[in-house]
Asker: 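Dropping the structure in here first, questions after.
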Amino acid sequence: MLTGRTLSARAASLLLTLWLVSALVFLAGQVLPGDVARVMLGPFADAQAVAALNRQLGADQPVLVQYWRWFSAALGGDFGTSLSMRAPVAPFVLASLGRSAALAGIILLLLVPLGVGAGIVAGLNQGRLTDRLIVLAGVSFGIVPDFVSGLLLLLVFGLWLNWLPITGAAPGAGFWTSGYYLILPALPLVLNLAGYLARMTRAGVIEALAADYTRTAILKGLDRRQVIIRHVLPNALTPTIAVLATQSGYMLGGLVVIEALFGIQGLGNLVLNAAKSRDFPMLEAGVLVMATIFVLSAAIGDLVQALLDPRQRRRASL
């Protein structure tokens, strides 16, 4: 089992990674071209007014002082004031994160049954026509960029057949209506990731079918269905669950193209618009939240795999 020392070491590594990410995010914001006060006052503002505002905002202080002030405030949930919105950054980031989370939820609802189910069917029919068709379809969809498949799906199902809304935004709509609007934006990612998920599940099923515990269960006379449910699937799906946890971070913060294509004001779109408008506080906060999500999802994936896989538990306890 996982020991307390192992968990403490992983937690310390996670905190160190997050701290390094925060430092890199802040420094990246500092080296970007542009001046905070100049952005706020406009290109024709007087130089003295710009210098005075920089002093007021603390932008004329050393970088380490600025970083510590920003980092300590961010720990308390205060990411500063948006230069373009003239309002606190945190509510915008939280609202965008909620929209991205809704999209990620729809993706998972469609991805898990499709990808895992196809992988199980392929693994149980190794070498047969069904297996080859599933693998071929997964590889074919996986190599198509999500923005290409997104455009094709939008044209076919949104404009030609008129089956689904062409936008992912439904202001003021209820829960089910909002989910319906997110189906089309979710499909490109589902198709792109389902093939990889199916191949991982297939490999796990094939490995579990060839394992000693499966052969032992069969020799004991257990029904094939019981062998698959009780012995094959729990061991075969462990890497798949870890991959899903890791991919959740990408779904929450990495869907910049999809959100822009379907007009979803999610976290990726927020960062993109902040970069365009040189809104440094919004940009730094958005990137920091995205990076934190990626790091945490990767850590959760490793932890889930360590908890479910006996081999990982044995290695962790050494």
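Given the structure is predicted, the values throughout are model-derived calculations rather than measurements.
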Asker: Apply side chain to side chain contact (heavy atoms under 4.5 Å, CB included) to the pair Leu270 and Gln265, showing each step before the final yes or no.
Answerer: CA-CA 7 Å; Leu270 177 81; Gln265 299 302 315; over 6 Å; no
Asker: So do Phe262 and Asn269 actually touch side chain to side chain, heavy atoms under 4.5 Å?
Answerer: no
Asker: According to salt bridge (Lys or Arg N to Asp or Glu O under 4.0 Å), does anything in residues 191-202 pair up with another residue at least two apart or in another chain? List the pairs.
Answerer: Asp131-Arg202
Asker: If you look only at pairs with a residue in residues 105-126, which of them pass as a side chain to side chain donor-acceptor pair (under 3.5 Å), with sequence neighbours excluded?
Answerer: Asn125-Arg128
Asker: Do Leu136 and Ile206 land in one hydrophobic cluster if side-chain heavy atoms of ILVMFWY residues count as linked below 4.5 Å?
Answerer: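 Not linked; separate clusters.
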Asker: Can you list the residues that meet the ring pair (Phe, Tyr, Trp, His ring centres under 6.0 Å) rule with Tyr67, with sequence neighbours excluded?
Answerer: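 Phe26, Phe71.
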Asker: Out of curiosity, does Leu151 fall in the hydrophobic cluster containing Leu193 (side-chain heavy atoms, cut-off under 4.5 Å, transitive links)?
Answerer: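 Same hydrophobic cluster.
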Asker: Start with the C-alpha gap between Leu24 and Val21, add the side-chain angles, then the distance that decides, and say whether side chain to side chain contact (heavy atoms under 4.5 Å, CB included) holds.
Answerer: CA-CA 5 Å; Leu24 289 174; Val21 166; 5.7 Å; no
Asker: Side chain to side chain contact (heavy atoms under 4.5 Å, CB included) for Leu153 and Leu191? Distances and angles first, verdict last.
Answerer: CA-CA 11 Å; Leu153 291 170; Leu191 294 177; 4.1 Å; yes
Asker: Between atom CD1 of Ile107 and atom CG of Leu244, what is the distance when rounded to the nearest 0.5 Å?
Answerer: 12.0 Å
Asker: For a 4.5 angstrom cut-off between non-hydrogen side-chain atoms, does Phe92 reach Met85?
Answerer: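 A side-chain contact exists here, since the closest heavy-atom pair is under 4.5 Å.
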Asker: Would you say the side-chain atoms of Thr167 pair up with the backbone N or O of Gly263, donor to acceptor, closer than 3.5 Å?
Answerer: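 Not confirmed, Thr167 side chain does not pair with Gly263 backbone.
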Asker: If you link I, L, V, M, F, W and Y whenever their side-chain heavy atoms are under 4.5 Å apart, who else ends up in the same group as Leu129?
Answerer: Leu133
Asker: Decide side chain to side chain contact (heavy atoms under 4.5 Å, CB included) for Ile293 and Leu267; before the verdict, give the C-alpha distance in whole Å, the side-chain angles of both, and the deciding distance to 0.1 Å.
Answerer: CA-CA 11 Å; Ile293 291 172; Leu267 192 58; 4.2 Å; yes
Asker: Residues two or more places apart in sequence or in another chain: which of them pass side-chain hydrogen bond (donor to acceptor under 3.5 Å, both in side chains) with Asp78?
Answerer: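 Asp78 satisfies side-chain hydrogen bond (donor to acceptor under 3.5 Å, both in side chains) with no other residue.
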Asker: With a 4.5 Å heavy-atom cut-off, do Pro281 and Thr81 have their side chains touching?
Answerer: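 Result no, sub-4.5 Å side-chain heavy-atom pair not found.
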Asker: Please list, chain by chain and in numerical order, all residues satisfying side-chain hydrogen bond (donor to acceptor under 3.5 Å, both in side chains) with Arg215, sequence neighbours excluded.
Answerer: Asp212
Asker: With a 4.5 Å cut-off on side-chain heavy-atom distances among I, L, V, M, F, W and Y, is there a chain of contacts connecting Trp68 to Leu15?
Answerer: no
Asker: Taking the side chain as C-beta and beyond, is there a heavy-atom pair between Leu124 and Leu209 under 4.5 Å?
Answerer: yes
Asker: Minimum heavy-atom separation for Leu110 and Ala186, please, with both atom names.
Answerer: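 For Leu110 versus Ala186, the nearest heavy atoms are CD1-CB, 4.3 Å.
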Asker: Does some side-chain heavy atom of Val295 sit less than 4.5 Å from a side-chain heavy atom of Ser297?
Answerer: no
Asker: Give me each pair satisfying ring pair (Phe, Tyr, Trp, His ring centres under 6.0 Å) with a member in residues 108-157, each pair once, sequence neighbours excluded.
Answerer: Phe157-Trp163
Asker: Per the side chain to side chain donor-acceptor pair (under 3.5 Å) rule, what does the pair list look like for residues 182-195, sequence neighbours excluded?
Answerer: none
Asker: Look at atom CG of Leu161 and say whether more than 12 heavy atoms of other residues, nucleotides or ligands are closer to it than 6.0 Å.
Answerer: yes
Asker: Can you list the residues that meet the side-chain hydrogen bond (donor to acceptor under 3.5 Å, both in side chains) rule with Thr240, with sequence neighbours excluded?
Answerer: Thr201
Asker: So, the side chain of Ser82 versus the backbone of Pro88: is there a donor-acceptor pair under 3.5 Å, distance only?
Answerer: no
Asker: How long is the straight-line distance from CD1 of Ile258 back to CG of Leu182, given to the nearest 0.5 Å?
Answerer: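 One finds 12.0 Å between CG of Leu182 and CD1 of Ile258.
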Asker: Let me know which of Leu114, Leu109, Leu197 forms a side chain to side chain contact (heavy atoms under 4.5 Å, CB included) with Val190.
Answerer: Leu114
Asker: Among residues at least two apart in sequence or on other chains, which ones pass side-chain hydrogen bond (donor to acceptor under 3.5 Å, both in side chains) with Arg224?
Answerer: none
Asker: Verify the cluster assignment for Leu75 and Val287: are they in a single hydrophobic cluster under the rule of side-chain heavy atoms below 4.5 Å apart?
Answerer: yes
Asker: Calculate, to the nearest 0.5 Å, the distance between atoms CG and CD1 belonging to Leu155 and Ile166 respectively.
Answerer: 10.0 Å
Asker: Are side-chain heavy atoms of Leu164 and Tyr180 found at a separation under 4.5 Å?
Answerer: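 Sidechains of Tyr180 and Leu164: in contact.
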Asker: State the CG-CD1 distance between Leu111 and Ile106, to the nearest 0.5 angstrom.
Answerer: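 If I round to the nearest 0.5 Å, the distance is 12.5 Å.
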Asker: Output the distance between atom CG (Leu187) and atom CG (Leu152), rounded to the nearest 0.5 Å.
Answerer: 12.5 Å
Asker: With rounding to the nearest 0.5 angstrom, report the CE to CG distance, Met290 to Leu97.
Answerer: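 It is 10.5 Å, given to the nearest 0.5 Å.
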Asker: Report whether Leu261 and Trp160 are members of the same hydrophobic cluster (ILVMFWY, side-chain heavy atoms less than 4.5 Å apart, transitive linking).
Answerer: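 Same cluster: Leu261 reaches Trp160 through Ile, Leu, Val, Met, Phe, Trp or Tyr contacts under 4.5 Å.
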Asker: Just so I know, are the side chains of Ser96 and Val93 near enough to count as touching, which here means a heavy-atom distance under 4.5 Å?
Answerer: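 Side chain of Ser96 against side chain of Val93, heavy atoms only: no contact under 4.5 Å found.
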Asker: Scan residues 94-121 for pairs that pass salt bridge (Lys or Arg N to Asp or Glu O under 4.0 Å), counting only residues two or more places apart or in two chains.
Answerer: none
Asker: Going by side-chain heavy atoms closer than 4.5 Å, which hydrophobic residues are tied to Val121, directly or by a chain of links?
Answerer: Ile134
Asker: Please answer whether the main-chain N or O of Asp146 pairs with a side-chain N or O of Ser149 as donor and acceptor at a distance below 3.5 Å.
Answerer: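 Yes, Ser149 side chain to Asp146 backbone: donor-acceptor pair under 3.5 Å.
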Asker: Within a strict 4.5 Å, meaning less than it, do heavy atoms of the Thr292 and Leu18 side chains meet?
Answerer: yes
Asker: For the residue pair Glu259 / Ser100, report whether a side-chain donor-acceptor contact shorter than 3.5 Å exists.
Answerer: yes
